Protein chains: 2
Amino acid sequence: MMLSDVMEDYLKAIYQLQGEHEERIKTSAIADALEVTSPTVTSMLEKLEDRGLVDREKYRGVTLTDEGETVALEVVRHHRLLEAYLTEHLDYDWSEVHAEADRLEHHISEDFEARVADALDEPEVDPHGSPIPSADLEPPDRSAGKSVTEFAEGDVVVVEEVADHDPEVLSYLATHGVEPGVELEILEVAPFGMVTARSSETVDDVSLPEGVAHHVRVTPLPQAES
Amino acid sequence: MMLSDVMEDYLKAIYQLQGEHEERIKTSAIADALEVTSPTVTSMLEKLEDRGLVDREKYRGVTLTDEGETVALEVVRHHRLLEAYLTEHLDYDWSEVHAEADRLEHHISEDFEARVADALDEPEVDPHGSPIPSADLEPPDRSAGKSVTEFAEGDVVVVEEVADHDPEVLSYLATHGVEPGVELEILEVAPFGMVTARSSETVDDVSLPEGVAHHVRVTPLPQAES
DNA sequence: GTTTAGGGTTAGATGGGTCTAAATCGGTGT
DNA sequence: ACACCGATTTAGACCCATCTAACCCTAAAC
């Protein structure tokens, strides 16, 4: 099946929205994610439905079919492998890789994908801690980690994934010690969602507005310490 | 100026045709190179003319303007840097790099270009021996080497460039010792253009049909030997 | 100089991806 | 139950890159 770059982008966006929220993805959510208008999304969804890549219920949103999910996983694999490769071998900072990977993800061959995976020794996560789908494109488990907003004062957690894409936000997080692998002690969770934490990496505390904190996924420290 | 990938392809094709033959490039030559029909080429040439990238004389072909040439050089630089990178760092064979570079050349950022050039230490030629335009995009000298078909029995030459793109042809040439840097002793130039030569690299002789030989560019050995 | 073959251009259609404006659906609140 | 508001779809348009069919120009042959 011959898919355009744009179609792949829609499938990837739907996949990622299905990961964040659930089930049916609405037209407007896709429109926001891809920065197009909703009529544009509607007409694209019709095409994807014709090709059997999404299940659609008019006025109620879409879900990916198995076939659509496989395509999305392929694109996500390309994207995350590229991000990993760019940081490992071309000296990119994690804050910069997203945009470059977005440009390239649709234009690499299967051969290129395999060589990159090989050069990286089949990595399991990208520089943001996001899991890289395996070569067989089996749907991975996406339940790893919870948003840091779900924890409370005093909890100590390990950062698993920083799923933001904005270079400025990522640079800020890095300079304040919020990166995959670091320990975070939760100092405060404000009623409006802002999380303040202390990183094991830096001296100063960090405050993360809700929008940012939502993308920081963490797991509780195996054994707690006061 | 925002150019589409396709426009870049046209400019690159015109640039390369201007290198091979001369001056005005005809519609049909571009159509052959890009595998589209001639009306398609005509309409694209009109667009490129509107943007000041080509000079066009109806029914008589086009030439690149300075601006058009700069765009073409940028694309060619991307292409050849990618070819070099793929062979150096991702273990590609020289016969395979062209297709991959063609896919990627329009989709890398200036930053990526710079990082690749840096990783390769600003290379001057790609794996086929073709010169890589410098970062300032000044038009390079394209007179290096002459086609091997212009030599005669007994001449000894050094291969500078193998400008073919067909993987099968390139594999064949490599296994018969025809690659940039090797010495070739011309054994015969048949009236229909076929060149037979002996490579300094291999024992067996190679025969190159005219179409292939035309792409093998060589320079005479500094000091001749019988 | 006229003819003619071959290539170039014009005309008109198609499909992809996008938009704006207008119509319509569906859930919420009364 | 019903009206309303916000979200969705329909309708109609546009631009890009491409095609086929038909027409026309150029240059070479006579």
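Chain naming here is simple, since letters A, B, ... match the order of the sequence lines and numbering starts at 1 in each. Values below: every heavy atom of this structure, side chains too, minus hydrogens, waters and symmetry copies. Quick caveat, the model's predicted, so the values are computed rather than measured.
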Exercise. Does Arg103(B) pair with Asp5(B) as a salt bridge, N-O distance under 4.0 Å?
Worked result: no
Problem set entry | Length of the CE-C1' vector between Met2(A) and dG17(C), whole Å | 16 Å
For this session: Walk me through it: do His98(B) and His79(B) pass the test ring pair (Phe, Tyr, Trp, His ring centres under 6.0 Å)?
Result: CA-CA 8 Å; His98(B) 178 77; His79(B) 183 94; 4.7 Å; yes
For this session: Assign Glu46(B) to base, sugar-phosphate, or nothing according to its heavy-atom contacts below 4.0 angstrom with the strands shown.
Result: sugar-phosphate
For this session: Consider only side-chain N and O atoms of Ser38(A) and Ser28(A), and report whether a donor and an acceptor are under 3.5 Å apart.
Result: no
N/O contacts under 3.5 Å, protein versus nucleotides 12-17 of chain D?
residue	atom	partner	partner atom	Å
dA17(D)	OP1	Ser4(B)	OG	2.3

Exercise. Looking at Phe151(A) and Ser147(A), what are the two nearest heavy atoms and their distance?
Worked result: CD1-O, 3.6 Å
Problem set entry | Which nucleotide in dT26(D), dA11(C), dT8(D) has an atom nearest any side-chain atom of Tyr59(A) | dT8(D)
For this session: Flag this pair as yes if the NZ/CZ of Arg115(A) is under 6.0 angstrom from the six-membered ring centre of Tyr85(A) and inside a 45 degree cone about the axis; otherwise no.
Result: no
Seminar exercise, completed: Between CG of Asp32(B) and C1' of dG6(C) the distance, given in whole Å, is 13 Å
For this session: Quickly work out the Glu8(A) CD to dG17(C) P distance and round it to whole Å.
Result: 11 Å
For this session: Output the distance between atom CG (Asp102(B)) and atom NZ (Lys12(B)), rounded to the nearest 0.5 Å.
Result: 4.0 Å
For this session: Would you kindly give the CG-to-P distance between Leu45(A) and dT8(D), to the nearest whole Å?
Result: 10 Å
Exercise. In whole Å, what is the span from the CG atom of Leu34(B) to the C1' atom of dC19(D)?
Worked result: 15 Å
For this session: Measure the spacing between CG of Leu17(A) and CG of Leu34(A) and express it to the nearest 0.5 Å.
Result: 8.0 Å
Exercise. Roughly how many Å is it from CD1 in Ile30(A) to P in dA7(D), rounded to a whole number?
Worked result: 15 Å
Seminar exercise, completed: Note: Gly145(B) and Thr219(B) closest approach over all heavy atoms is CA-CG2, 3.8 Å
For this session: Kindly say if Lys26(B) contacts the phosphate of dG6(C), meaning a side-chain N or O under 4.0 Å from OP1 or OP2.
Result: no
Exercise. With respect to the side chain of Thr42(A), which nucleotide from dT20(C), dT8(D), dT9(C) is positioned closest?
Worked result: dT8(D)
For this session: Please check the phosphate of dA7(D) (OP1 and OP2 only) for any side-chain N or O of Ser38(A) closer than 4.0 Å.
Result: no
Problem set entry | Atom pair distance, as rounded to whole Å: CG in Leu3(A) and P in dG16(C) | 12 Å
Problem set entry | Separation of atom CZ in Arg24(A) from atom P in dG26(C), rounded to whole Å | 13 Å
For this session: For dT10(D), take OP1 and OP2 only and decide whether either is under 4.0 Å from a side-chain N or O of Lys58(A).
Result: yes
Exercise. Nearest of dT20(C), dT18(D), dT20(D) to any side-chain atom of Val36(B)?
Worked result: dT18(D)
Exercise. Should Arg60(A) be listed as having a side-chain N or O under 4.0 Å from OP1 or OP2 of dG27(C)?
Worked result: yes
For this session: Verify the contact: side-chain N or O of Ser28(A) to OP1 or OP2 of dT8(D), cut-off strictly under 4.0 Å; return yes or no.
Result: yes
Exercise. NA contact type, Thr27(A), heavy-atom cut-off 4.0 Å: base, sugar-phosphate, or nothing?
Worked result: sugar-phosphate
